[in-house]
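Scroll down for the structure; my scribbles are underneath it.
The residues of the chain are indexed from 1 along the displayed sequence. As the structure is a prediction and not an experimental result, all values here were calculated from the model.
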Amino acid sequence: IHAPLLHLSKAQIIRKGMELGVDYSLTHSCYDPDGEGTACGQCDSCLLRLKGFHDAGLSDPVKYKD
């Protein structure tokens, strides 16, 4: 089994994705998106993602519920 991201932080993963041209606006990590697919911004997955973008010095392009 190959797990190339296993030992990387969320920030490192996000930076690597940016280097590879990942369009993060087409992704979300939310466990509880609304009916339109908008991320909640409160679940563990959203919070980890937001922290990863913050730690990478980048803004998360995903729209979150207000």
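For CD of Q12, the number of neighbouring non-hydrogen atoms (other residues, nucleotides, ligands) closer than 6.0 Å is greater than 12. Few gaps surround NZ on K65; more than 12 heavy atoms of other groups in view lie less than 6.0 Å from it.
Distance check, rounded to the nearest 0.5 Å: CZ of R15 to CG of L20 gives 14.0 Å. Between the CG atom of D44 and the CG atom of D32 there is a distance of 12.0 Å, given to the nearest 0.5 Å. In this structure, NE2 in H7 is found 10.5 Å from CG in L5, a value given to the nearest 0.5 Å.
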Can you list the steps and then say if Y64 with L50 is a side chain to side chain contact (heavy atoms under 4.5 Å, CB included)? CA-CA 10 Å; Y64 289 90; L50 286 165; 3.6 Å; yes

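Hydrophobic clustering places V22 together with F53 (ILVMFWY residues linked when any side-chain heavy atoms are closer than 4.5 Å, directly or through intermediates).
Between D60 and R49 there is a salt bridge, since a side-chain N of the basic residue sits under 4.0 Å from a carboxylate O of the acidic one.
Residues A11 and A56 approach most closely at CB-N, 3.7 Å, considering heavy atoms. Residues G52 and K10 share a closest heavy-atom pair of CA-CB, 3.8 Å. Contact record, Q42 with C46: N-CB, 4.0 Å, taken as the closest heavy-atom pair.
The backbone N or O of S29 sits less than 3.5 Å from a side-chain atom of S45, completing a donor-acceptor pair.
When each of D55, L58, L8 is tested with I14 by the rule side chain to side chain contact (heavy atoms under 4.5 Å, CB included), just one qualifies, namely L58.
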